[in-house]
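Okay, so here's the structure we're looking at.
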Amino acid sequence: MTARVGVITFPGSLDDADAARAVARAGAEPVPLWHGDRDLRGLAAVILPGGFSYGDYLRCGAIARFAPVMGELVPAARAGLPVLGICNGFQILCEAHLLPGALTRNAGLRFIDRVVRVRIEDTRTPWTADYAQDQEISVVLKSGEGAYVADPATLARLAAAGQVVARYAGANPNGSVGDIAGVRNEAGNVVGLMPHPEHAIDALTGPGTDGLGFFTSVLRAMVDQ
Amino acid sequence: MSGADTVGRAAATPGQPQPYAELGLTSEEYARIGGVLGRRPTDAELAIYSVMWSEHCSYKSSRVHLRQFAESAPPSAALLAGIGQNAGVVDIGQGYAVTFKVESHNHPSYVEPFQGAATGIGGIVRDILAMGARPVAVMDSLRFGPADAPDTRRVLPGVVAGISFYGNCLGLPNIGGELAFDPCYRGNPLVNALCVGVMRHEDLKLAAARGTGNQVILFGSRTGPDGIGGASVLASATFGGSDAAKRPSVQVGDPFMEKLLIECCLDLYAGGLVTGIQDLGAAGVACATTELAAGGGSGMRVDLDVVPLRDPALGPAEILMSESQERMMAVVEPGDVDRFMDVCARWGVLATVIGEVTGTGRLEMTWRGEQVVDIPPASAADEGPVYQRPIQRPAGQDALLADDPAALPRPEGGPELRAALLSLLASPGLADTAWVTEQYDRHVRGNTVLAMGQDAGVIRIDEQTGLGIALATDGNGRFGLLDPYAGAQLALAEAYRNVAATGAVPLAVTNGLNFGSPEDPGVMWQFSEAVRGLADGCAALGVPVTGGNVSFYNQTDETPIHPTPVVGVLGVHADVTRRVPVGLRTEGAPIVLLGRTAAEFGGSAWAQVAHGHCGGRPPQVDLGAEQALAAVLTAAAADGLLEAAHDLSEGGLAIALAECCLDQGLGCQVALQGDLFTQLFSESAARAVVAVRPGSERAFAALAARHGVPVQELGVAGGDSLVVQGSFDIPVDELAAAHTGTLPGIFG
Amino acid sequence: MARIVVDVMLRKEIHDPQGEAIASAAHRLGFGQVLGVRQGKRFEVELSGPADEAALARVAELAGELLANQVIEEFTLHES
Amino acid sequence: MARIVVDVMLRKEIHDPQGEAIASAAHRLGFGQVLGVRQGKRFEVELSGPADEAALARVAELAGELLANQVIEEFTLHES
Ligand SMILES: Nc1ncnc2c1ncn2[C@@H]1O[C@H](COP(=O)(O)OP(=O)(O)O)[C@@H](O)[C@H]1O
Ligand SMILES: [Mg+2]
């Protein structure tokens, strides 16, 4: 049986099909989850995709956080289920307090869609194990509220515990503190990432295949279990 | 007075004055309504006729000209639905059909740039959705006054942010468009949006209400007092109210609702729950009900009391005219209504049965239990006034043509040519558009193969077979001014060439015709010439016009904008992995210029940037040469002979080569023959520059010879400079600095 | 130093989809008695000099020109 | 019916690029005496029932759970 990875669709999710495609490309079976679901159906890992859940109204991710499926996901994530939030998914995970900090308006105050270089600084998570420590990858960043912020104490804690999963390697595109592009929870199973690895799985439609590692990593983590 | 103006009352009070003039109707048109109905219209009926007979909805000034698109259309087996539908539908093979259309939102975008442009995207997306298709991409074609004018600084950032906000939130990749600046658009920006959608052949939907007893369902947002300036005239005239007169004409977009509406409609289609469907755009419920009823040749009864309102104070005329966004209207068989409602509930979309199809042939509406509308729907939807407006070639046209740019001082020698290239490359109309295009999500849906910065946007349709489409929009107001017939053909030729440069076979055309006032005979001459040029051009190239949009009254006081037909061409890629990008990528790849170059500077970017000049004749149109060039480009792409291809347009070879270098940061060395200035900056049409895959030189030369396309070997790709031998060289970094600095310098 | 607050709200008749989305989220969260929500902006403007009439007038001018889009919004000011 | 206003501002230590951009735009427009601007949100919440303590408490709960993200924002309420 192939490993089954859930991809949640919230009202306004946009990159759900792309995340599912990336899961399939990595060799796992993508399983759609609906925001109204109250059952994670024994899935081995779950992705919260990019998009504008609930129109990004109020704050990005603020309303999606209360979707029924989140009632299942939050305890499962606390119990160790591998969860990846990409872009809007990252915002939802922060709003749900599964990840520290918050994402705010880009420093330039404009939405940007741009290929960026990102350095993978923590390869111990189920989502990044297939990368080399400090490997630089090219991925698409596309967001209007991608600037990561946290209070100084939290930042210090993240740095000390190695919870910064990825940093922007080139010029800081959005004003994120410490060039942070992605973080994880203490246990390491929940990862949030602002750029989109699912848009970097094929040189035909993206900057290359550097993003595939997130999806092969989790597949391996599931098989290894 | 209280209560509504009912049909009974209208019959009993024939002499009651009505504000038809404020609603934009002439006294002849008003009299004609009376003739149709055999009595004066009720206020609600007057609202319907005034919007349906408006220029925007009835095409009363343009219709006699637009006919040519159908009459001289080349025979095309690919056309599944043509002009007259919400959007044209084209067969692209493998059972897929594509629908695409341009729409303008010029005036609203000037009044309120952000919301105006945002709702422009929303409107065109619903048009595509109404055909039964899944919208898969958008494009935007933008024109503003001078880049550094205060007006432009106000309008441009708002327009771009609005398109970004709405399109990104819908999850539709933006795959291209245009950005141009000219003083003629000061106070009259052009905001034209294009949407393209994909469906299986059998999914095609039409806007027709058929089947007596079928239910009419309004779904999506509630109806509020949006964009009903006209109806509030009515309300205040009738009720003496002052509140209503203050109602806004600005509509606010809710892209989240539209996203839900898209998914909801696609589920409804998949479930076979819809027999007819229409989007609500301009003229809202009035337009949707009359067009559905007229389209089906049926009657319809509508209860306005059940229309869900955001503002309970709205009266019948206001409900009918409201332009509240994100609404659709469907015709549903009674047995399917429950399932229809279930699908809407799943997506959180409000849906209400507001009426049913009847066999009476009349459109009847009630409000508070009384009949307020009783009309033959076709009289409003299809039988509006048609005008043959006076046409007069402007007196100054000959002087304009005689103002030959040959008299302008030209750069001479390497340093001057070098400086001319850099200043063109840095001019706002040719500078890097990243400030704009980075605000658009081009990656969403994961099927974008080529997007901004390339000659055309390319989208993959089928992941298994690689089937895809290419789309480009083009228009050049300066050429349009000098010769609207040729200008329209040059716009068509450029879009056609752009699509072919990526390797796609051009298949069909849409257009947005942006002009001044049709009541100005000079403008009407420009319009008729442009339509004739486009129709003739499409016939010559064998690509039918499938639909489009007309925007008149783009003028400040007496000065109209340049005639600006924006032409969109759709092409097909049998296999998108064969697409050809713009950028040079291999050292030593031979660079070849295709086509013939003459000294053609009328309306050129060089004349504009260097001298602020627009006069003389636009470049010669040679549609046979365009066809041959496209044939070479598409065959070469299919055979894998090319590494890069870029069409020549504004700024000529100089700008094309610079862009080929900038894309991947690889330089080139070229040797040009003859007059260097002409070689570099002329804007002769039917040309492209290509980088041949090393090893394919002979095959490519044979291909070009077979199609009779002139070939000029220019040099090779490589190095870190653009080198014009014996004249100048410019490091790619310096090109990049000139190219990228301009828009951020102006807009921050 | 003066601190003046500018409240900017959409005009009454202008559609506020964001407010509507928040209201329905509130309902789903069990705040059934919420009838409606309108979302606006709040600016805290710090000025050099005293918080006098002139300062208020100046901020009103700023609000009209920059902080509010009067095509669709209206604003009010008060000292903080 | 009660109408309660919730003001939400970024916490002081959180960087506010929008406020900064507005302040520099104000300077460019000639409002030199503007020392700084902070941008926040203002919600008007309409509730069924009277504007009593209970209503305020309920809206405070809504604000804490939904309207403000207390990781970066703080809120205050008042009757309108
Ligand atoms: N410039 C044009 N070229 C071809 N067709 C046009 C043009 N302008 C309008 N049309 C066609 O006329 C019909 C009515 O247009 P319109 O009222 O804009 O449609 P909708 O209300 O669906 O947007 C459509 O089929 C449209 O494609
Ligand atoms: Mg339509």
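Proteins come first, then strands; the chains are lettered A, B, ... in the order of their sequence lines, and each starts at number 1. Computed from a predicted model, the values in this text were never measured in an experiment.
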Heavy-atom pairs under 4.5 Å with chain A: which of B:Thr437, B:Val458, B:Val449 has the most?
B:Val449
Contact leader toward chain A among B:Leu260, B:Leu170, B:Val160, B:Asp254, where contacts are heavy-atom pairs under 4.5 Å:
B:Asp254
State the NE2-CG distance between A:His196 and B:Asp441, to the nearest 0.5 angstrom.
7.0 Å
With rounding to the nearest 0.5 angstrom, report the CD1 to OG distance, A:Ile112 to B:Ser164.
11.0 Å
For a quick test of reading the model, state the closest non-hydrogen atom pair linking [X] to [Y] and the distance between them.
{"X": "A:Asp18", "Y": "B:His443", "value": "OD2-O, 4.3 Å"}
{"X": "B:Asn168", "Y": "A:Leu14", "value": "O-CD1, 3.0 Å"}
{"X": "B:Cys169", "Y": "A:Gly55", "value": "SG-CA, 4.0 Å"}
{"X": "B:Thr577", "Y": "A:Leu204", "value": "CA-CD1, 4.0 Å"}

Can you tell me how the ring of B:Phe256 sits relative to the ring of A:Tyr57, calling it parallel under 30°, perpendicular over 60° and tilted otherwise?
perpendicular
Between [X] and chain A, with a heavy-atom cut-off of 4.5 Å, which part of the residue counts as in contact: side chain, backbone, both or neither?
{"X": "B:Arg346", "answer": "both"}
{"X": "B:Val576", "answer": "both"}
{"X": "B:Thr448", "answer": "backbone"}
{"X": "B:Leu172", "answer": "neither"}
{"X": "B:Glu263", "answer": "neither"}

If you apply the rule side-chain contact (heavy atoms from CB on, under 4.5 Å), what do you find for A:Phe52 with B:Lys259, and how did you get there?
CA-CA 10 Å; A:Phe52 288 68; B:Lys259 168 68 179 168; over 6 Å; no
Heavy-atom contact with chain B under 4.5 Å, split by part of A:Ala22:
neither
Heavy-atom pairs under 4.5 Å with chain B: which of A:Gly12, A:Pro11, A:Ser13, A:Ala17 has the most?
A:Pro11
4.5 Å side-chain heavy-atom contact, A:Arg21 and B:Asn447:
yes
Contacts of type salt bridge (Lys or Arg N to Asp or Glu O under 4.0 Å), residue B:Glu326, not counting sequence neighbours:
none
Sidechain N-carboxylate O distance under 4.0 Å for B:Glu438, A:Arg110:
no
If the threshold is 4.0 Å, N to carboxylate O, is there a salt bridge linking A:Glu198 and B:Arg445?
no
Starting from the C-alpha separation in whole Å, work towards a yes-or-no answer on side-chain contact (heavy atoms from CB on, under 4.5 Å) for B:Glu463 and A:Asp202.
CA-CA 12 Å; B:Glu463 223 168 314; A:Asp202 184 345; over 6 Å; no
